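Values reported hereafter were calculated over all heavy atoms of this structure, with side chains retained and with hydrogens, waters and symmetry mates removed. In the text below, chain A, chain B and the rest are named by the order of the sequence lines, each starting its count at 1. Since this is a predicted model, take the numbers as computed values, not measurements.
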Protein chains: 2
Amino acid sequence: MDGGPGRPTLRDVARLAGVSIATASKALNNQPQVRAETRAKVLRAAEQLSFSPNTLAQALITQRTGTVGLLTSDLEGRFSIPILMGAEDAFGTGRTSVFLCDARGDNVRERHHLNALLSRRVDGLIVVGARPDARPSLGRDLPVPVIYAYSPSEDPADLSLVTDNVGGGRLAVDHLIRHGRRRIAHITGDPTYGAAHDRARGALDRLAEEGLELAGGQVWFGSWSEAWGRGATRMLLERDPDIDAVFAGSDEIARGVLDVLHQEKLAIPRQVAVIGFDNWNILAANARPPLSTVDMNLEALGRLAAQRLFAAIDGTLGSGIETIGCRLITRESTAPLD
Amino acid sequence: MDGGPGRPTLRDVARLAGVSIATASKALNNQPQVRAETRAKVLRAAEQLSFSPNTLAQALITQRTGTVGLLTSDLEGRFSIPILMGAEDAFGTGRTSVFLCDARGDNVRERHHLNALLSRRVDGLIVVGARPDARPSLGRDLPVPVIYAYSPSEDPADLSLVTDNVGGGRLAVDHLIRHGRRRIAHITGDPTYGAAHDRARGALDRLAEEGLELAGGQVWFGSWSEAWGRGATRMLLERDPDIDAVFAGSDEIARGVLDVLHQEKLAIPRQVAVIGFDNWNILAANARPPLSTVDMNLEALGRLAAQRLFAAIDGTLGSGIETIGCRLITRESTAPLD
DNA sequence: TACGTTTTCGAAAACCTTTTCGGTCGGCTG
DNA sequence: CAGCCGACCGAAAAGGTTTTCGAAAACGTA
């Protein structure tokens with residue numbers, strides 16, 4: 001009936017419409033060299049067979065698959081997902097599809113996935129890391145453009161898109177200062193993370209501009225956990241009971257801070273304001289009180305990555321590190337001192 | 001040098017090895033009809049050109065792309081991700097790649113993605129929904145097998161894989177009972193979710209078997225939020241101050257429960273045990289004390305979906321609803337009464 | 001040497017589409 | 001009527017691979 005057991009092909013459409021394969025193709029692709037009447041015939045036939053063109057064959061000719069690879073190191077990580085969504089979003093509207101590959105932080109698996117993606121002739125790659133520190137480059141002589149998101153590449157010849165952690169730290173402290181806070185402490189996470197130091201630096205810079213010193217006598221490095229937030233807050237209060245604000249390096253830590261402040265019967269935000277980092281909704285929005293925090297704009301980063309890649313696919317790729325600014329989210333855990 | 005500007009093709013390999021394209025293909029694919037010496041020559045040539053076969057062309061012939069589509073309705077949703085990871089995991093080892101598509105809960109976008117995936121000639125589809133209630137089928141006459149994960153299809157002719165919420169509720173209450181708790185309350189989420197009722201039913205069933213009644217006089221339905229967990233706990237304590245355990249319908253709710261129990265100076269787990277649902281690590285593991293909870297085995301569900309799909313690709317697909325059991329995670333928020 | 005058998009290799013078709021280029025047909029001008 | 005032009009259509013090549021089938025080579029046997 002339709003020419004065989006498989007899916008209908010352009011040949012079937014052409015036969016049904018009573019034209020040649022070439023004209024059928026032209027009709028479906030809005031080429032000008034076909035009469036309106038003929039085009040209608042073809043379209044009707046295609047509709048009738050519910051024909052959908054074989055993208056593989058198209059790609060074979062046009063040398064463009066309309067696919068990109070998304071190589072993530074850590075899917076469960078909360079940072080890959082928004083980036084991935086942003087990228088999917090930016091592509092989704094067009095005719096590009098995304099191959100998702102999770103390397104699970106394993107180098108050989110990453111290599112394996114990379115080869116598979118190249119075999120599939122993806123038009124480009126986005127590599128999103130698990131943590132904001134630099135990672136090894138995939139190499140300089142890949143046949144497709146590559147964009148590194150979140151984790152920059154170690155090779156400055158690559159193009160990397162990262163969040164502005166220094167600016168984020170500055171943003172948080174600026175917000176506290178504007179609300180009249182003067183005795184601001186900073187509790188943050190794992191000191192092996194560059195991001196922890198960057199955020200701290202931004203915070204200290206802004207304090208210095210105001211002629212303020214960090215309350216608590218130091219930046220409290222530890223781990224990115226609620227438990228550390230609790231522990232550090234206890235130590236902090238012991239050492240310096242008079243703080244009026246805490247900048248936490250992550251929302252998890254902030255939750256720990258809130259917990260201990262409640263235990264100590266300190267009113268939030270009246271006596272102590274708290275601000276977090278990440279805008280991890282489930283933690284921040286549901287906190288008691290809801291947590292002000294710094295959002296890294298990861299979806300925007302993902303979208304930008306997609307756009308840059310898109311531009312690079314026909315054209316040439318830039319290099320270096322491009323920084324995306326953070327955004328302040330104010331909720332009830334910070335408020336002006338009255 | 002390598003025969004042109006583009007990537008090396010089989011033709012280039014053949015030329016370099018001094019054989020025909022056909023033999024080159026056979027050599028690379030371990031076909032038996034080629035002399036060992038010739039095969040070595042070809043392999044060396046391929047290596048030298050760092051040749052990787054064009055999967056598109058292969059797919060065109062073999063009528064199998066080695067790709068599957070993962071159609072999710074809600075990427076940011078915490079339930080899609082583990083399933084997605086499980087599926088990626090099960091496929092990743094082989095030679096299948098995954099197209100990720102997020103419909104954002106929008107029907108026309110879903111249709112759009114579906115068409116794109118079919119155009120790309122995916123070998124199969126996994127559809128993962130945003131909530132555990134039934135969703136419309138994609139249709140019966142798709143040219144590839146489809147598996148519904150998490151959200152079952154409304155059409156019983158489709159194959160759906162879901163979590164056993166009744167069993168999960170039973171598991172939670174059973175755990176509490178075994179630890180000597182008798183006055184068990186249940187606070188859960190949005191009553192428009194079938195899962196909320198299923199979990200409650202499992203809980204009530206197990207209580208009935210023991211001749212126990214639900215403490216608090218009712219199942220407390222509300223919303224899947226920490227705030228509701230707090231509010232419900234306050235009402236519950238007012239009505240029935242003597243509870244010795246709370247089964248929360250989600251970890252978020254459980255966090256709210258813990259919060260209020262702490263405020264009321266009730267010792268956990270000595271006076272009141274708390275168990276959650278979801279095993280959402282960031283909430284459960286970091287709670288004070290760490291939260292016992294029920295894990296839905298979503299990665300396993302994803303893996304199973306991949307396996308079922310794989311089996312269906314060559315073979316025929318089953319139908320109906322297949323249920324995956326839950327798993328108890330015990331942490332410190334539950335302990336035997338002494 | 002003649003012949004049969006096994007092994008090894010290559011030519012060509014097939015997969016499905018796009019695109020170029022040449023051809024047909026109608027109508028128009030001189 | 002001859003010639004030309006524009007509009008429309010089809011044959012065929014191309015893209016990279018797999019696979020079938022026939023041909024050639026190598027080998028053993030009579």
So, the side chain of [X] versus the backbone of [Y]: is there a donor-acceptor pair under 3.5 Å, distance only?
X	Y	value
B:Asp155	B:Gly139	no
B:Asp123	B:Gly66	yes
A:Ser160	A:Ser153	yes

Quiz item: What's the verdict on side-chain contact (heavy atoms from CB on, under 4.5 Å) for A:Asn297 and A:Thr163, showing C-alpha distance, side-chain angles and the deciding distance?
Solution: CA-CA 8 Å; A:Asn297 281 325; A:Thr163 58; over 6 Å; no
Quiz item: On DNA chain C, nearest-nucleotide positions of A:Leu10 versus B:Gly18: which is more 5'?
Solution: B:Gly18
Practice problem: Output all residues satisfying ring-ring contact (aromatic ring centres under 6.0 Å, His included) with A:Phe79, sequence neighbours left out; order by chain, then residue number. | Solution: A:Tyr150
Any side-chain N or O of [X] under 4.0 Å from OP1/OP2 of [N]?
X	N	result
A:Thr38	D:dC9	yes
B:Ser25	D:dT18	yes
A:Arg35	D:dA7	no
A:Thr23	D:dC9	no
B:Asn54	D:dG15	no

Check the distance between [N]'s [atom2] and [X]'s [atom1] and give it to me in whole angstrom.
X	N	atom1	atom2	answer
B:Arg7	D:dT17	CZ	C1'	15 Å
B:Asn30	D:dT17	CG	P	17 Å
B:Ile21	D:dG15	CD1	P	11 Å
A:Arg15	D:dG10	CZ	P	14 Å

In a table with atom names and distances, give each donor-acceptor pair under 3.5 Å that connects a side chain of residues 111-119 of chain A to protein atoms at least two apart or in another chain.
unit_1: A:Arg111; atom_1: NH2; unit_2: A:Leu138; atom_2: O; d: 3.4
unit_1: A:Asn115; atom_1: ND2; unit_2: A:Arg111; atom_2: O; d: 3.4
unit_1: A:Ser119; atom_1: OG; unit_2: B:Pro53; atom_2: O; d: 3.3

Practice problem: Could you tell me from which nucleotide to which nucleotide of DNA chain C, 5' to 3', there is an atom under 4.0 Å from chain A heavy atoms? | Solution: C:dC16 to C:dT20
Practice problem: Check whether more than 12 heavy atoms from other residues, nucleotides or ligands sit under 6.0 Å from atom CZ of B:Phe310, and answer yes or no. | Solution: no
Self-check item: B:Arg11, CZ atom: more than 12 neighbouring heavy atoms under 6.0 Å
Solution: no
Self-check item: Derivation of the side-chain hydrogen bond (donor to acceptor under 3.5 Å, both in side chains) call for A:Arg120 and A:Thr67
Solution: CA-CA 9 Å; A:Arg120 297 200 182 281; A:Thr67 61; over 6 Å; no
Quiz item: Does A:Arg131 pair with A:Asp74 as a salt bridge, N-O distance under 4.0 Å?
Solution: no
Exercise. Can you pull out how bent the helix from C:dT1-D:dA30 to C:dG30-D:dC1 is, comparing the axes over its first five and last five pairs, to 10°?
Key: 70°
Quiz item: Looking at residues 55-65 of chain B, who's got a heavy atom less than 4.0 Å off DNA chain C?
Solution: B:Leu60, B:Ile61, B:Gln63
Atom pairs and distances, side-chain donor-acceptor, residues 29-38 of chain A, under 3.5 Å, sequence neighbours left out:
unit_1: A:Asn29; atom_1: ND2; unit_2: A:Ser25; atom_2: O; d: 3.4
unit_1: A:Gln33; atom_1: OE1; unit_2: A:Lys26; atom_2: NZ; d: 3.4

